[in-house]
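All remarks here apply to the structure that follows.
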Amino acid sequence: MTSTGETPGFREEVRAFLRAELPADWQGVGALPAPERAEFVARWRKIAGSRGYLAVAWPEAYGGRGLTKVDHLVVVEEFSRARVPVGTPGDTVSIKMLGNTVNKWGTPEQKARILPRIISGEDVWCQGYSEPESGSDLSSLRTKAVLREGEWHIDGQKIWTSNAAGANWMFALTRTNPDAPRTQGITMLILPMDQPGVEVRPIEMLSGGRDFCEVFFTDARTPAENVIGAVDDGWTVANSLLSHERGEEAAVNPVLFGLELARLLDLVRERGAERNPAVRARVAAAYSELLVMKAMGDRILASYVRGGTLGPEASVAKLYWSEYHQRLSAIAVDVLGSDALVWEGDLPMRWFRADDPGAPNTSASWLAVHLQNSLAGTVYAGTSQIQRNIIAERALGLPREPRVTKEG
Amino acid sequence: MTGSDTAVDPELAALFDKVLADWRAARPSAGATLDLDRTLWGQLTELGLTRLAREADWPTFAELLRAAARHAAPVPLAEHDALAGWALGTAGIEADDQVRTLARLDSAGLDPAVPWASQADRIVGLWPADGSWFVADLAASEVTIVAGRDLAGAPRDRVSIDPVALRRSVSVSAEVATALGLRGALVRAVQASGAIERIVDLCVRHVTERHQFGRPLARFQAVQHLVADAAAEATLLTAATDAAVAVAAAYDSSQATLAELERAVAVARSVLGVSADVVVRNAHQVHGAIGTTLEHPLQELTRPVLAWRSDYGSVRHWDRRVAEIVASAGTDPWSALIGRIEHEGETR
């Protein structure tokens, strides 16, 4: 438990709230039948939002509580312990990424316009970053935005945009100065999705899912004032957004993964694998790694709360949790053995991190975590290879990877 | 065991590849599920390739399985020929060209996960009763099938057969029952090795063609290592699988024992357990988000590999068998795993 930096009395308040709102025999959202889960999560989001718990670090005027990031971690810890989610999967983008960035960089007018509508659920956001030729190498992006007569005119294409079909707003990195060095001619714009110049095409995934989309801009428009931060300074804004994402997840992940490890232990016992020496060794290693992750997360959160931005240590955390999670979910699949051949049971509601607490230990639950979730973790939000490059170059000061010539 | 006769007629291998490549070039795009392609099956039958396991040698059949896996062809060559067909042969039951699969039933007549059952014409049941084993050849309409799908989206169905229907079955030896399980485990390793070789090819092509930071991905050492590790695992798997295929051939001609067959299969499957992990993970890692789309050929290969490696014994099962075989060999684990090495003019 985080003991420093909490607002006195806040943890008790959250606990009292949870006691009052949840039934005494509450088993967790995962224990609900699949059709009821989404309905519960939507209802629960309203209740939590009305009390300011979705974004406690935002000012009260914008739907928050005017508290700190550490208090946000208190909410995550207490909600997780009570087996309820903080917000919906879409809040990862709407609140954690865009909302926190607007809270830091937005004008007062932007904050008042954008933040309350996120908490109320009126606006759902998607993130327009990756392009077909710009994945890991994001700063090579080519989607062009030109300011003419009070409006930005946007042309180009984004890809791998989660939930573009369900979102009504996008924040996008666009090239506004093609003559500047690559990272200095990029602007973060926000634009409405419901307009003739924006076309969304879902990409069918190997899982059969259709969450990712391609987004095409053909003279899409947004008013001149819809810039987050300064024009041509979007790269700075994007990096601070990444710090929000990393700083928060570094502290929150150990909590979610701790609940998941408890589910894995149940699975190991249910399947009679608790005396298998290889399984025991792997589970013990996972437990140790989780403790390391927790220590690392608390440190990162502390430095984030002090300075507001993060250094390359955030890359260490991202690398660590994503590779940890692949090892962890592989244990579950190995323990399931031949039962992992067939999908049985409900699929998890969310595609990031763990299945919900209380979810039965079915093959479908763990297969989805293993194949659709943990496998993706070392690819999205900067691949493990990118993280290692950042660690080598920025944390260790090693020379940039040499350019190999054809002859070399 | 003879390790030298694993060479396959290159013209025959080229024919296998061409038939399947032509099919693939003309087929509609892949979906999330796989269904039996009757047109391709008919063509393979005409060429005699649906009887190859029974009429040619093991290495040749293995080459066909690998080609089918490389091209992700939705046809039950292994189940129809090497399992169901072989089981009927041991029972002296005549088999026609109808599509068959094998159900390994429990005493109540249930097999919860039979590949291709819902799309086969006939189900061959292997059934234990009264301390003996029986083989029956039943029309699909005579058995109860609840359709399901495996990780690859292929049919994987629950089959239950009324023991009354099984009265028309023929008794086989317990060794046949054990050998069937080992043949099942082996064909999965062979199929996976074919798919894995192709996965490595796709990786090499992708990292050469895809540019980021102004150069091909292949110029980044971290990416090179991912591909190199995958290639090493693929080579190891092919070697272990070829060795097991050679022992299977020797077993069929009574030159190897059932224990020797199990040892070779267990090693190949244990190797598959590791290499599937490394190859699938590294391949998706180097392909990034692109490799997770349905339209990309990568998923047609990686999903079956993950299904096959758990079929006819999980990774854990085969790792444990290897350990048991080594432990039971007394003080000489080397010869337990590798076999005795006899040098010219030297006796051990």
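Since the structure is predicted, the reported quantities are computational estimates derived from the model, not experimental observations. So that the names make sense, note that chain A is the first sequence line, chain B the second, and so on, each numbered from 1.
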Quick one: pull up CG in B:Asp277 and CZ in A:Arg327 and give me the separation to the nearest 0.5 Å. 12.0 Å
Find the one option among B:Arg156, B:His225, B:Gln285 whose heavy-atom pairs under 4.5 Å with chain A are most numerous. B:Gln285
To the nearest 0.5 Å, what is the distance between CZ (B:Phe220) and OG1 (A:Thr383)? 10.0 Å
Report yes if the side chains of A:Glu133 and B:Arg210 come closer than 4.5 Å at any heavy-atom pair, otherwise no. yes
Any side-chain heavy atom of A:Leu371 sitting closer than 4.5 Å to one from B:Leu151? yes
Answer yes or no: are there more than 12 heavy-atom neighbours, outside A:Arg142 itself, under 6.0 Å from its atom CZ? no
At what distance, to the nearest 0.5 angstrom, does CD of A:Glu323 lie from CZ of B:Arg281? 8.5 Å
Turns out that what part of B:Arg303 lies under 4.5 Å from chain A's heavy atoms comes down to side chain
Donor-acceptor pair, A:Gln385 side chain versus B:Ala222 backbone, under 3.5 Å? no
Residue among B:Thr292, B:Leu298, B:Leu217, B:Asp150 with most heavy-atom pairs under 4.5 Å to chain A: B:Thr292
Which portion of B:Glu300 sits near chain A, non-hydrogen atoms under 4.5 angstrom: neither
Min side-chain heavy-atom separation A:Ser338-B:Ser310 under 4.5 Å: no
Around A:Glu344, counting heavy atoms of other residues, nucleotides and ligands shown, do more than 12 lie under 6.0 Å from its CD? no
What part of A:Asp339 gets within 4.5 angstrom of chain B, counting heavy atoms only: side chain, backbone, both, or neither? neither
To the nearest 0.5 Å, what is the distance between OH (B:Tyr312) and CG (A:Leu341)? 10.0 Å
Closest approach of A:Val342 and B:Ala113, non-hydrogen atoms and distance? CG2-CB, 4.5 Å
Can you measure from CG (A:Leu375) to OG1 (B:Thr302) and round to the nearest 0.5 angstrom? 8.5 Å
Can you tell which part of A:Leu336 gets under 4.5 Å to a heavy atom of chain B, answering side chain, backbone, both or neither? neither
Output for pair (A:Ile203 CD1, B:Ile290 CD1), nearest 0.5 Å, gives 10.0 Å
Side chains of A:Ile386 and B:Gln212 in contact at under 4.5 Å (non-hydrogen atoms): no
Can you tell which of B:Ser314, B:Ala289, B:Ala30, B:Ala152 has the highest number of heavy-atom pairs within less than 4.5 Å of chain A? B:Ala289
Count the heavy atoms belonging to other residues, nucleotides or ligands that lie under 6.0 Å from CZ of B:Arg27, then report whether that count exceeds 12. yes
Most heavy-atom pairs under 4.5 Å with chain B, out of A:Ser384, A:Gly337, A:Ser136, belong to A:Ser136
Closest non-hydrogen atom pair, A:Val335 against B:Arg316: O-NH2, 3.4 Å
Counting only heavy atoms not in B:Glu295, do more than 12 fall under 6.0 Å of its CD? no
